[in-house]
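Encoded as structure tokens, the structure appears first; notes follow it.
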Amino acid sequence: MSSLRRFFHHLASNGHSDWIFIVPSLILVALLGLPLLALILHSLDKDFLSYAISPSALTALRLSLVTSLISVTIAIIFGTPLAYILARWKFFGKGFVELLIDLPVALPPAVAGLALLIAFGRQGLFGAALSMFGISIPFTTTAVIMAQTFVSAPLYVRAARIGFAEVDIQMEEAAHVEGANQWQLFSEVMFPLTGRALIGGAILTWTRALGEFGATILFAGNLEGVTQTMPLAIYLGFERNLGVAIALSVMLVGVSVVLLLLTRRLEKVHQPK
């Protein structure tokens, strides 16, 4: 029996009671799905391909992919040991560090961009010192990477922290009994057991970095070929050329769908039988 037939059989056997779950669920699904459906239908135009492969669109796509991949790499390199410490160690101020890591997820992106500008702008708290060495970060590609990392890295740290915390403490104790040092414990025990969580967190971090807008436009600006990522190109296209904005939006939706499907596939492969 197919999943659809099982669903209708369940619905028929339970009378009217199931509708108190189905109706509100359908409303939310419609609210989430109808705008995306409208966007895709509106993109079915003879000029879609020309908009999608236009120089400005390809430049924005290339910049988004490069900067987001760099941001994910930074999150993995520096976020993995931080997540391991937060999951397995006890130390003074741990709660504050966890709050600090989670805070960018709750902050409006505009606040994140303003905070980065005040910290690293030319007249910012640290910007003046950087200027003495000839370093200027705002309105550069580096600023794009910093903005993306600021808002997306906490997602990776959170996923990795949960993954490390789920490893049985007895396995850690057994490794210590066998004489494993801290690095051997991490690389040969913890890392293999948390691979799914780490990869899933990295993919979610990548999707968040690809879609970053608010912090980027405040801290990095909207300079074509330098800081204009796909979300910023969509914003500019909405004002100048709606066809370009729609084409870029559909491309970004497609990339996000592929990444999310990859995450779901990964979860199913590693699901306990």
Side-chain angles (χ1 to χ4, degrees), residues 39 52 54-79 100-127 130-131 135-158 201-242 244-257 259-260:
L39 176 66
S54 63
S56 60
L58 293 178
T59 299
L61 175 61
R62 181 172 60 252
L63 183 64
S64 288
L65 292 176
V66 171
T67 54
S68 61
L69 283 172
I70 294 174
S71 299
V72 172
T73 303
I74 293 172
I76 293 173
I77 293 175
F78 297 100
L100 183 64
I101 296 301
D102 291 336
L103 188 58
V105 179
L107 286 177
V111 175
L114 185 60
L116 287 168
L117 190 61
I118 292 175
F120 300 105
R122 293 184 179 89
Q123 303 301 321
L125 185 61
F126 308 106
L130 292 173
S131 298
I135 301 174
S136 180
I137 297 178
F139 310 108
T140 64
T141 305
T142 301
V144 175
I145 296 170
M146 290 178 65
Q148 291 177 345
T149 304
F150 185 89
V151 301
S152 65
L155 296 176
Y156 176 79
V157 174
R158 183 177 182 82
I203 293 174
L204 290 176
T205 300
W206 191 11
T207 58
R208 180 64 184 89
L210 275 174
E212 164 49 33
F213 173 79
T216 304
I217 198 169
L218 280 177
F219 186 46
N222 192 3
L223 307 174
E224 186 173 347
V226 180
T227 66
Q228 189 181 94
T229 57
M230 289 184 70
L232 271 63
I234 292 169
Y235 175 77
L236 188 64
F238 182 74
E239 297 181 336
R240 297 182 180 179
N241 191 330
L242 185 60
V244 174
I246 292 175
L248 283 173
S249 298
V250 172
M251 292 167 64
L252 195 56
V253 169
V255 172
S256 299
V257 167
L259 292 175
L260 291 174

Original post:
In Å and rounded to the nearest 0.5 Å, what is the CG to OG distance from Leu69 to Ser64?
Top reply: 10.5 Å

Subject >> Distance, nearest 0.5 Å, that separates CG of Leu117 from CD of Gln123 >> reply: 10.5 Å

Original post:
Would Ile137 and Phe219 count as a side chain to side chain contact (heavy atoms under 4.5 Å, CB included) if you check the C-alpha gap in whole Å, the side-chain angles of each, and the deciding distance to 0.1 Å?
Top reply: CA-CA 9 Å; Ile137 297 178; Phe219 186 46; 3.6 Å; yes

Subject >> Heavy-atom pair with the smallest gap, counting every atom of Ala245 and Gly237 >> reply: CB-C, 3.7 Å

**OP:** Taking all non-hydrogen atoms of both residues into account, name the closest pair between Thr227 and Leu63 and its distance.
**Re:** C-CD2, 3.6 Å

Original post:
How long is the span from the OG1 atom in Thr216 to the CD1 atom in Ile145, to the nearest 0.5 Å?
Top reply: 10.5 Å

**OP:** Output, in order, the C-alpha distance, side-chain angles, deciding distance and verdict of side chain to side chain contact (heavy atoms under 4.5 Å, CB included) for Val144 and Gln148.
**Re:** CA-CA 6 Å; Val144 175; Gln148 291 177 345; 3.7 Å; yes

**OP:** For Ser136, enumerate each residue passing the side chain to side chain contact (heavy atoms under 4.5 Å, CB included) test, keeping only those at least two apart in sequence or located in another chain.
**Re:** Arg122, Pro138

**OP:** Rounded to the nearest 0.5 Å, what's the gap from OH on Tyr235 to CG on Asn222? Could you check?
**Re:** 8.5 Å

**OP:** Please report the closest heavy-atom contact between Ala233 and Leu248, naming both atoms and the distance.
**Re:** CB-CD1, 3.4 Å

Original post:
Which distance, rounded to the nearest 0.5 Å, do you find between the CD1 of Ile246 and the CD1 of Ile234?
Top reply: 10.5 Å

Subject >> Nearest atoms (heavy-atom pairs only) where Ala75 meets Thr205 >> reply: CB-CG2, 4.3 Å

**OP:** Of all the heavy-atom pairs spanning Leu58 and Ala52, show the shortest one and how long it is.
**Re:** CD2-O, 3.9 Å

Original post:
Do Val72 and Tyr156 have side-chain heavy atoms sitting under 4.5 Å apart?
Top reply: no

Subject >> Check: Val151 and Pro104 side chains under 4.5 Å, non-hydrogen atoms >> reply: no

Subject >> Closest heavy-atom pair and its distance - Trp206, Ser68 >> reply: NE1-OG, 2.8 Å

**OP:** Side-chain contact test, heavy atoms from C-beta onward, threshold under 4.5 Å: evaluate it for Asp102 versus Arg158 and give yes or no.
**Re:** yes

Original post:
Is the backbone N or O of Val226 less than 3.5 Å from a side-chain atom of Glu224, with the two atoms forming a donor-acceptor pair by type?
Top reply: no

Original post:
So how far is it from Leu252 CG to Thr207 OG1, rounded to the nearest 0.5 Å?
Top reply: 9.5 Å

Original post:
Do Leu210 and Leu259 touch side chain to side chain, with heavy atoms closer than 4.5 Å?
Top reply: yes

